[in-house]
Amino acid sequence: SQLPTALRLGNTVTTDKSTIIENFNKHFSTAGHAFHLATPTPVNCPAPSTATRQSPHHFSFTQIQIADILKELQNLDPYKSAGLDNLDPLFLKLSAEIVATPITSLFNLSFVSSEIPKDWKAAAVIPLFKGGDTLDPNCYRPISILPCHSKVFESQVNKQNTDHFESHRTFSAMQSGFRAGHGCTSATLKVLNDIITSIDKRHYCAAVFIDLTKAFNSVNHHILIGRLNSLGFSNDCLAWFTNYFSDRVQCVKSEVLLSGPLAVSMGVPQGSILGPTLFSVYINDVALAAGDSLIHLYADDTILYTSGPSLDTVLTNLQTSFNAIQLSFRGLQLLLNAGKTKC
């Protein structure tokens, strides 16, 4: 990803590369906070409950095996970028048989101590252009490049988490994002089938397509830890995840340029292994707020739709469900992108 040649800062445009990367870093590290401050909760709006049903299933980390780490190291893509520690994946791949044992010991020690080395929580962020105005920092997505050790470790943690979630059917059936056996195709087929079935019955069908502003950046760590607690995660696991989110820093990197480090106190790292799974946990119960309408999610992309013999009834039900969904998102401190909410 090449750095843009110019960036808008307020009412001025700068072409200085050092200024551009420093401001990208400031923008990305504070994006979640900035959008909360820009869109305050209305005074008369009732605060939605963020409590979830307590899961009867208990989860604790299990020891990672040397054979699993050896396989992970041998399967590393040698062409991937190194993190801020400059430890190249090719080096770990070539030395896998030698370093697998001590690395496994480090990972298991992290579980025991509920601590993660701070160097593994430092991300190099690449600004990825999404489309729109090249001068607008909001038109760029931050992709985090974590140290190779961190990615290998997160892969093992994520496997334990997802195995637990899928075996106990934790995730809503209405969530197709980042799940094995699910995807854009299955989500599209489900929604289209529901719509076609309604049309075959000569019913009216209406839908709202919802986009969220800075969804991954706006994840509240306290709420997420509460979600994990309600899913039966042990105190040791909760302590580990609390440490995982603490003391995170990031620098924006482009070619030979590197910004200064800034603290990140909100969100899940985009580009991390655990990030998508943790976001799915965070947003999972939103589907419960759909009421009489149907809902389907692909990560944070949401479609709310309903049908019936009367157009007035359909629109009334859809509006009622949409109001409830907005309260649910507000309870998660996620904000609707008004420019991309379409009916």
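Val125 and Leu257 end up in the same hydrophobic cluster when Ile, Leu, Val, Met, Phe, Trp and Tyr side chains are linked at under 4.5 Å. Trp240 and Ile225 fall within the same hydrophobic cluster, where Ile, Leu, Val, Met, Phe, Trp and Tyr residues are linked whenever their side-chain heavy atoms come under 4.5 Å apart, directly or through other members. Residues Val249 and Phe245 fall into different hydrophobic clusters, defined by Ile, Leu, Val, Met, Phe, Trp and Tyr side chains chained together at heavy-atom separations under 4.5 Å. Residues Ile273 and Phe61 fall into different hydrophobic clusters, defined by Ile, Leu, Val, Met, Phe, Trp and Tyr side chains chained together at heavy-atom separations under 4.5 Å. Leu109 and Phe107 end up in different hydrophobic clusters when Ile, Leu, Val, Met, Phe, Trp and Tyr side chains are linked at under 4.5 Å.
Residue Lys93 places its NZ atom among more than 12 non-hydrogen atoms of other residues, nucleotides or ligands, all under 6.0 Å distant. Annotation for Asn193: atom CG counts as buried by contact number, over 12 foreign heavy atoms lying within 6.0 Å. Annotation for Tyr204: atom OH does not count as buried by contact number, only 12 or fewer foreign heavy atoms lying within 6.0 Å. No more than 12 heavy atoms of other residues, nucleotides or ligands shown are found within 6.0 angstrom of CD1 on Ile98. The number of heavy atoms from other shown groups lying within 6.0 Å of CG (Asp292) does not exceed 12. By the neighbour-count criterion of 12 heavy atoms within 6.0 Å, atom CZ of Phe178 is densely surrounded, having more than that number from other residues, nucleotides or ligands.
With hydrogens and angles disregarded, a donor-acceptor distance shorter than 3.5 Å links the side chain of Ser29 to the backbone of Lys26. A donor-acceptor pair is defined here as one N or O able to donate and one able to accept, closer than 3.5 Å; such a pair exists between the side chain of Asn25 and the backbone of Gly260. Judged by distance alone, with hydrogens and angles left aside, the side-chain atoms of Ser259 form a donor-acceptor pair with the main-chain N or O of Val252 at under 3.5 Å. With Ser328 contributing its side chain and Ala324 its backbone, the two residues share no donor-acceptor pair below 3.5 Å. Here the side chain of Ser321 pairs a donor or acceptor atom with the backbone of Ala290 at under 3.5 angstrom. In this structure, Ser234 contributes its side chain and Cys237 its backbone to a donor-acceptor pair below 3.5 Å. Remark: side-chain polar atoms of Gln175 are paired, donor with acceptor, to backbone N or O of Ala299 under 3.5 angstrom. Listed for the Thr12 side chain is a donor-acceptor partner under 3.5 Å among the backbone atoms of Leu9. A donor-acceptor pair under 3.5 Å is absent between the side-chain atoms of Ser186 and the main chain of His182, judged by distance alone. At distances below 3.5 Å, at least one donor-acceptor pair connects side-chain atoms of Asn284 with backbone N or O atoms of Ser172.
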For a quick test of your reading: what N or O donor-acceptor pairs under 3.5 Å do the side chains of residues 306-313 make, sequence neighbours left out?
from   : atom 1 : to     : atom 2 : distance (Å)
Ser307 : OG     : Ser198 : OG     : 2.9
Ser310 : OG     : Asp312 : N      : 3.4
Ser310 : OG     : Thr313 : N      : 3.4
Ser310 : OG     : Thr313 : OG1    : 3.4

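Remark: Phe209 CZ to Asp301 CG distance equals 11.0 Å, nearest 0.5 Å. How far CD1 of Ile295 is from CG of Leu288: 9.0 Å, rounded to the nearest 0.5 Å. Note that OG of Ser110 and CG of Asn243 are 7.0 Å apart. Values are rounded to the nearest 0.5 Å. Between His164 atom NE2 and His58 atom NE2 the span is 9.0 Å, to the nearest 0.5 Å. Here the CD atom belonging to Gln63 is positioned 12.5 Å from the CD atom belonging to Gln156, to the nearest 0.5 angstrom. In this structure, the separation between CZ on Phe24 and CD1 on Ile21 is 10.5 Å, given to the nearest 0.5 Å.
With sequence neighbours left out, the side-chain contact (heavy atoms from CB on, under 4.5 Å) criterion links Asp119 to no other residue.
The aromatic rings of Tyr140 and Phe129 are tilted relative to each other, their planes meeting at an angle between 30° and 60°.
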Practice item. Apply side-chain contact (heavy atoms from CB on, under 4.5 Å) to the pair Ile103 and Leu73, showing each step before the final yes or no. Key: CA-CA 10 Å; Ile103 288 177; Leu73 295 175; 4.2 Å; yes
Exercise for review: List the steps and the verdict of side-chain contact (heavy atoms from CB on, under 4.5 Å) for Tyr244 and Lys121.
Suggested key: CA-CA 7 Å; Tyr244 173 83; Lys121 295 188 282 188; 5.6 Å; no
Check your understanding: What's the verdict on side-chain contact (heavy atoms from CB on, under 4.5 Å) for Asn138 and His27, showing C-alpha distance, side-chain angles and the deciding distance?
Key -> CA-CA 8 Å; Asn138 289 310; His27 173 75; 2.9 Å; yes
Review point. How far apart are the C-alpha atoms of Asp133 and Arg8, what are their side-chain angles, what is the distance that settles it, and do they pass the salt bridge (Lys or Arg N to Asp or Glu O under 4.0 Å) test?
Key: CA-CA 10 Å; Asp133 184 1; Arg8 184 183 298 112; 2.9 Å; yes
Point to revise | Stepwise side-chain contact (heavy atoms from CB on, under 4.5 Å) test for Tyr298 and Ile303 | key: CA-CA 9 Å; Tyr298 189 90; Ile303 176 172; over 6 Å; no
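Across Asn158, Val268, Leu146, a single residue satisfies side chain to side chain contact (heavy atoms under 4.5 Å, CB included) together with Leu274, and that is Asn158. Residue Ile69 is tested with Asn108, Leu106, Thr101, Val152 for a side chain to side chain contact (heavy atoms under 4.5 Å, CB included); the sole match is Val152.
Here the side chains of Leu228 and Tyr282 are not in contact, with every heavy-atom distance at 4.5 Å or above. Residues Lys253 and Ile145 form no side-chain contact, since every pair of their non-hydrogen atoms from C-beta on lies 4.5 Å or further apart. A heavy-atom distance below 4.5 Å is not found between the side chains of Phe279 and Leu224. Looking at heavy atoms from C-beta onward, Gln74 lies in side-chain contact with Glu97 at the 4.5 angstrom threshold. Trp120 has its side chain out of reach of Glu154: every pair of non-hydrogen atoms, C-beta onward, lies at least 4.5 Å apart. Within the 4.5 Å cutoff, no side-chain heavy atoms of Phe216 are placed close to those of Arg141. Side-chain atoms of Phe165 and Leu231, non-hydrogen and from C-beta on, do get closer than 4.5 Å to each other. Residues Phe28 and Pro127 form a side-chain contact, since some pair of their non-hydrogen atoms from C-beta on lies under 4.5 Å apart.
Taking every heavy atom of both residues into account, Ile325 and Val286 meet most closely at CD1-O, 3.6 Å. Of all heavy-atom pairs between Cys148 and Leu76, the closest is SG-CD1, 3.7 Å. Residue Gly331 comes nearest to Ile223 through the heavy atom pair O-CD1, 3.5 Å, listed as atom of the first residue, atom of the second, then distance. Minimum interatomic distance between Pro78 and Pro89 (heavy atoms only, all atoms of both residues): CA-CB, 4.5 Å. Here the shortest heavy-atom pairing between Leu297 and Ala287 reads CD1-CB, 4.3 Å. Contact detail for Ile20 and Pro4: the closest heavy-atom pair is CD1-O, 3.5 Å.
Annotation for Leu90: hydrophobic cluster partners, listed by chain and number, are Leu94 (ILVMFWY side-chain heavy atoms under 4.5 Å, direct or chained).
In this model, a donor atom of one side chain and an acceptor atom of the other lie less than 3.5 Å apart for Ser176 and His296.
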